[in-house]
Amino acid sequence: MNQTRRRPRCAAASPPAAGCSLDPARLLVLDYDGNVLESDGKPPSELFIHAEIYRARPATQPVAHFHHDPATIFAAVPTCPLVPVKNHFARWVGGIPVHHDSSHIDDPAKGEQVVATLDGRDALLLRGHGQVLVAESVRAVFTDAVHLAENAGALTLATQLGAVEPLTQAELDHFLETFDRPKHVEKLWKYYAQVAAARGVIPAEWI
């Protein structure tokens, strides 16, 4: 997100195409300070989540911030942390930290605090707010968002049945021994892209 290495961010820079809520023309290119370098429009208010992670971790690719309530609630129940009950949670074997600032991350200082909580990991929960994910590609971060949401939903159901027995480190390690992440990312992306096209969210020619 600087003059020599600029990164795109999504914003409502122009009205979406008819029948489609996504449009490449609506992307903005910003610098680390939130100044618009390319295209027209107002940047998202929480751009500093992204900018400060990029500033601190130059090799980072996409950073996703979203609000998935079934995952967010685990930051509100200390006795029931977000633990692995599905195998793809192996992505976060070191655990997912909680950032204890529920306000909007709308300035560089707050973004720096998010970076400190993340502490080199690839996911965190913003208490009372949402989630942040970091991955190696747009398709990979989308895949991670799907699996984070799935694990949160499955864990919620499991707690209603009785005491939860999370997947162990050994079980997760065994899963990762034969897991082909690039292949899985492409498979999941293709599936959801087809679903999105069928529902008119994206044009079929984008697939």
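This is a predicted model, so every value here is computed, not measured.
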Please give me the minimum heavy-atom distance between [X] and [Y], naming the atom from each residue.
| X | Y | result |
| --- | --- | --- |
| A25 | S39 | O-OG, 3.7 Å |
| T72 | L126 | CG2-O, 4.1 Å |
| V141 | A64 | CG2-CB, 3.8 Å |
| I96 | L148 | CD1-CD1, 3.6 Å |
| A71 | A152 | CA-CB, 3.6 Å |
| P97 | T117 | CG-O, 3.6 Å |

side-chain contact (heavy atoms from CB on, under 4.5 Å) for L188 and H147? Distances and angles first, verdict last. CA-CA 10 Å; L188 203 71; H147 290 313; 4.1 Å; yes
Counting only heavy atoms not in F66 (residues, nucleotides, ligands), do more than 12 fall under 6.0 Å from its CZ?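 Above 12, so yes.
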Working for side-chain contact (heavy atoms from CB on, under 4.5 Å), residues D119 and L124: CA-CA 10 Å; D119 193 25; L124 64 74; over 6 Å; no
If two hydrophobic side chains count as joined below 4.5 Å and joins carry through other members, does [X] share a cluster with [Y]?
| X | Y | answer |
| --- | --- | --- |
| V132 | V98 | no |
| V63 | F142 | no |
| V138 | L28 | no |
| W206 | V201 | yes |
| I49 | L118 | yes |

Output the distance between atom [atom1] ([X]) and atom [atom2] ([Y]), rounded to the nearest 0.5 Å.
| X | Y | atom1 | atom2 | value |
| --- | --- | --- | --- | --- |
| I105 | L47 | CD1 | CG | 11.5 Å |
| F74 | H68 | CZ | NE2 | 10.0 Å |
| H88 | R181 | NE2 | CZ | 10.0 Å |
| L133 | D122 | CG | CG | 8.5 Å |
| E177 | D173 | CD | CG | 7.0 Å |
| I207 | W189 | CD1 | CH2 | 10.5 Å |

For the pair R57 (side chain) and Y54 (backbone), establish whether a donor and an acceptor sit closer than 3.5 Å, ignoring hydrogens and angles.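 It does not hold such a pair.
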Please confirm whether the backbone N or O of K110 pairs with a side-chain atom of D107, one donor and one acceptor, at under 3.5 Å?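 Checked: pair present.
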Those residues that, when tested against R55, pass side-chain contact (heavy atoms from CB on, under 4.5 Å) (two or more places apart):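 Here the qualifying residues are Y32, D33, E52.
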side-chain hydrogen bond (donor to acceptor under 3.5 Å, both in side chains) pairs, two or more places apart, involving residues 77-87: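 Qualifying pairs, neighbours excluded: none.
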Please determine, by modelled atom types, if H65 and E46 share a side-chain donor-acceptor pair under 3.5 angstrom.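 Note: H65 and E46 side chains meet the donor-acceptor criterion.
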Is a side-chain donor-acceptor pair under 3.5 Å present for H174 with E171?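 No pair is found: no donor N or O on one side chain lies under 3.5 Å from an acceptor on the other.
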From the options V83, L82, V146, select the one residue that forms a side-chain contact (heavy atoms from CB on, under 4.5 Å) with N151.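 In the set V83, L82, V146, the residue that makes a side-chain contact (heavy atoms from CB on, under 4.5 Å) with N151 is L82.
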Go through the steps to decide whether Q169 and V93 satisfy the test side-chain contact (heavy atoms from CB on, under 4.5 Å), and finish with yes or no. CA-CA 7 Å; Q169 182 70 54; V93 291; 4.0 Å; yes
Under 6.0 Å between ring centres: does that hold for H99 and H129?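 That pair fails the under 6.0 Å test.
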